[in-house]
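Structure first, commentary second.
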Amino acid sequence: MTDASMNQGAQGSIVQRDHATWTEKHKPNVVALIAHAARQSGRGAFSVGLEATKLKRGRQKIQFEEYIKFGLYDPARHTQEERDEFITFMLQNACIQVCNDTSWFAVTEDKWISQCLLERDGLPIPKTRAVVDTSGRAYHGTEALHGPEALRDFLTGFDAFPLFGKHNRGLMSVGVFLIEGADEEFVYLREHGAVTYHKFFENFIGKDAFLLQEVVQNHAFLREQTSTLATVRMVNMLTDEGLYVPAAVLKLPSDRNMADNFWRPGNLLCNIDPETGEILTIVGTDGPDLKHHEAHPETGASLIGQRLPHWDELLRVNARVTQLHTPLRYQSTDMAITDDGPVVVEVNAGSSFTLPQYASGKGFMTPKVRGLFRSWGCDFIWE
């Protein structure tokens with residue numbers, strides 16, 4: 001994307017544009033969804049619509065899009081007990097706010113602060129080479145680039161491209177870019193081409209802060225599937241008996257995407273056995289539905305039944321991360337798996353209810369998980 005084409009197209013920073021794309025993808029066409037479910041199930045549209053509306057208004061707050069993706073319109077797919085274990089993403093924040101010490105949210109939501117804590121403990125993390133931030137904030141031990149001239153000076157003296165740009169307060173991979181090179185006049189970006197330094201700040205940075213990190217490479221096992229970094233989401237619950245991991249999900253991106261979040265077209269999810277690292281499913285999107293694949297749809301690789309590498313070390317690192325964040329009783333760790341072992345990419349004060357449900361095809365709110373949330377004060381979670 002040249003400066004000229006950028007002026008004719010999208011407005012705002014990359015965070016604003018990505019967020020607009022994410023929002024648009026999650027605007028349901030309710031009539032179309034009900035018609036789809038009726039066709040797929042052979043049921044009447046009125047019956048399907050009535051059931052979906054009851055679930056949305058009920059305790060589980062299942063949204064119309066989730067009703068389709070969970071397959072709840074098909075009475076043969078789940079028993080009633082299994083249906084009762086599904087929950088909407090709309091209740092994630094309510095649970096997180098109740099069961100966690102909210103004063104700790106900044107420790108995970110500010111990614112620079114998070115990496116300082118992890119690095120101080122000796123945990124493996126991506127190396128941040130600089131922070132781009134127009135606010136004037138200082139970053140101890142990390143070079144802060146407050147404007148176009150400072151960025152030009154840094155990049156023209158840098159010789160280890162590419163650099164991955166990550167929004168310092170980002171969620172869902174909203175606001176990422178890849179700098180492939182630079183000269184005195186332009187920053188060269190994957191997917192966007194040559195952009196002047198001033199336009200880069202105007203159309204990518206805006207008022208946000210971005211970490212510029214060295215690119216982390218997948219383990220050889222995963223490189224056979226994608227050149228884009230894949231991560232494992234470990235969902236963690238800190239109980240009186242110790243760490244409980246109810247779900248693990250591999251976020252497996254398509255080569256054509258720069259990040260692994262499932263909202264990006266072509267990306268996949270794999271349900272992972274939390275104890276062994278075995279790949280149990282491969283899931284993609286198929287219109288409004290999810291599609292379970294027997295093999296990777298792009299590479300043809302038979303991944304189901306294979307065990308992710310370095311799993312024992314990943315479990316050790318995950319346990320240490322949770323120990324560093326014990327005021328967050330419900331948390332998650334996103335880790336890449338490299339040839340040298342796991343790398344902690346991100347820590348979250350909570351976790352998406354959607355990911356494990358999409359990846360496994362089963363509800364996240366098992367009796368044990370419900371019991372834990374209720375014991376932590378989430379009285380809106382059913383028994």
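Since this is a predicted model, take the numbers as computed values, not measurements.
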Query - Distance-only side-chain donor-acceptor flag, D340 / H310, under 3.5 Å - result: no
Report task. Answer yes if M258 and L252 sit in the same cluster of Ile, Leu, Val, Met, Phe, Trp and Tyr residues linked by side chain heavy atoms under 4.5 Å apart, and no otherwise. Result -> no
Query raised in the report: Does one side chain, of R43 or S47, offer a donor that lies under 3.5 Å from an acceptor on the other?
Result: yes
Query raised in the report: With ring centroids as reference points, do F177 and F200 lie under 6.0 angstrom apart?
Result: yes
Requested in this report: Provide the closest heavy-atom pair for G165 versus F210 in the form atom of the first, atom of the second, distance.
Outcome: C-CD2, 4.4 Å
Requested in this report: State yes or no: do M365 and Y244 share one hydrophobic cluster built from I, L, V, M, F, W and Y residues joined by side-chain heavy-atom distances below 4.5 Å, directly or via other members?
Outcome: yes
Query raised in the report: Roughly how far apart are Q331 CD and T326 OG1, rounded to 0.5 Å?
Result: 8.0 Å
**Report entry** Between N318 and T333, a side-chain donor and acceptor under 3.5 Å
**Finding:** yes
Query raised in the report: How about S254 and E298: does a side-chain donor come under 3.5 Å of a side-chain acceptor?
Result: yes
Query - Q40 side chain vs A38 backbone, donor-acceptor pair below 3.5 Å - result: no
Query raised in the report: With a 4.5 Å limit on heavy-atom distance, are the side chains of L229 and Q217 in contact?
Result: no
**Report entry** For V235 against P246, the heavy-atom pair lying closest together
**Finding:** O-CD, 3.1 Å
Query - Donor-acceptor pair, side chain of R329 and main chain of L238, under 3.5 angstrom - result: no
Query - Connected via hydrophobic side-chain network under 4.5 Å: L189 and L212 - result: yes
Query raised in the report: How many angstroms lie between CG in L328 and CG in N236, if you round to the nearest 0.5 Å?
Result: 10.5 Å
Report task. Check whether the side chains of E51 and Y67 place a donor and an acceptor atom closer than 3.5 Å, and report yes or no. Result -> yes
**Report entry** Identified side chain to side chain donor-acceptor pair (under 3.5 Å) counterpart of R223 within the set N218, D339, T338
**Finding:** D339
Query raised in the report: In Å, rounded to the nearest 0.5 Å, how long is the span from OH of Y73 to NE2 of H36?
Result: 4.5 Å
Query raised in the report: Aromatic ring centroids of F353 and F89 under 6.0 Å?
Result: no
Query raised in the report: Between K199 and E202, is there a salt bridge with N-O shorter than 4.0 Å?
Result: yes
Query raised in the report: Any side-chain heavy atom of I282 within less than 4.5 Å of one from L269?
Result: no
Query raised in the report: With side chains defined as the heavy atoms from C-beta onward, is the minimum distance between L280 and E278 less than 4.5 Å?
Result: yes
Requested in this report: Take V321 and L324 through the test side chain to side chain contact (heavy atoms under 4.5 Å, CB included) and record every step on the way to the result.
Outcome: CA-CA 5 Å; V321 171; L324 290 173; 5.6 Å; no
Query raised in the report: Does the side chain of D334 reach to within under 4.5 Å of the side chain of K251, using non-hydrogen atoms?
Result: yes
Requested in this report: For residues W104 and T102, determine if any side-chain heavy atom of one lies less than 4.5 Å from a side-chain heavy atom of the other.
Outcome: no
Query raised in the report: Does the side chain of N203 reach to within under 4.5 Å of the side chain of V195, using non-hydrogen atoms?
Result: no
Query raised in the report: What residues, two or more places apart in sequence or in another chain, satisfy ring pair (Phe, Tyr, Trp, His ring centres under 6.0 Å) together with F158?
Result: F154, F161
Report task. State, with a plain yes or no, whether a side-chain heavy atom of V317 is found less than 4.5 Å away from one of M335. Result -> yes
**Report entry** T79 to E82 - nearest heavy-atom pair and separation
**Finding:** N-OE1, 2.9 Å
Requested in this report: Might you point out which heavy atoms bring R169 and D110 nearest each other, and give the distance in Å?
Outcome: CD-CA, 3.7 Å
Requested in this report: Return the minimal non-hydrogen interatomic distance between T228 and D255, and the atom names on each side.
Outcome: OG1-O, 3.6 Å
Query - Partners passing side-chain contact (heavy atoms from CB on, under 4.5 Å) against S103 (at least two apart in sequence or in another chain) - result: D101
Report task. Any side-chain hydrogen bond (donor to acceptor under 3.5 Å, both in side chains) involving residues 348-364? Give me the pairs, sequence neighbours left out, ordered by first then second residue. Result -> R233-S351, S332-N348
Report task. Please answer whether the main-chain N or O of D289 pairs with a side-chain N or O of D286 as donor and acceptor at a distance below 3.5 Å. Result -> no
Query raised in the report: Is there a donor in the side chain of N93 and an acceptor in the side chain of Q97, or the other way round, less than 3.5 Å apart?
Result: no
Query raised in the report: If you measure only the distance, is there a donor-acceptor pair under 3.5 Å linking the side chains of Q225 and T299?
Result: yes
Query raised in the report: Same cluster or not: are L91 and V369 linked, directly or through other Ile, Leu, Val, Met, Phe, Trp or Tyr residues, by side-chain heavy atoms under 4.5 angstrom apart?
Result: yes
Requested in this report: Go through the steps for T231 and D260 under the test side chain to side chain donor-acceptor pair (under 3.5 Å), then give the verdict.
Outcome: CA-CA 7 Å; T231 61; D260 60 9; 2.5 Å; yes
**Report entry** Distance in Å, T88 OG1 paired with E65 CD, rounded so as to fall on 0.5 Å steps
**Finding:** 10.0 Å
Query - T281 side-chain N/O to A359 backbone N/O, donor-acceptor pair under 3.5 Å - result: yes
Query raised in the report: When the aromatic ring centroids of F86 and H78 are compared, is their separation below 6.0 Å?
Result: yes
Query raised in the report: Can you check whether I272 reaches V249 side chain to side chain, under 4.5 Å on heavy atoms?
Result: no
Query raised in the report: If we ignore angles and hydrogens, is there a donor and acceptor under 3.5 Å between the side chains of Y188 and D183?
Result: yes
Report task. Look at the side-chain heavy atoms of Ile, Leu, Val, Met, Phe, Trp and Tyr, link any pair under 4.5 Å apart, and say whether W382 and F380 land in one connected group. Result -> yes
Query raised in the report: How about E81: does its CD atom have over 12 heavy atoms from other parts shown lying under 6.0 Å from it?
Result: no
Query raised in the report: Among D133, T128, T142, N168, whose side chain to side chain donor-acceptor pair (under 3.5 Å) with W112 holds?
Result: T142
**Report entry** SB check R370 E383 (cutoff 4.0 Å)
**Finding:** no
Report task. Decide if atom CD of E313 counts as having more than 12 heavy atoms of other residues, nucleotides or ligands within a radius under 6.0 Å. Result -> yes
Query raised in the report: Ignoring hydrogens and geometry, is there a side-chain-to-backbone donor-acceptor pair from K166 to V176 under 3.5 Å?
Result: no
Requested in this report: Identify the two heavy atoms, one from R137 and one from H146, that lie closest to each other, and give their separation to 0.1 Å.
Outcome: O-CE1, 3.0 Å
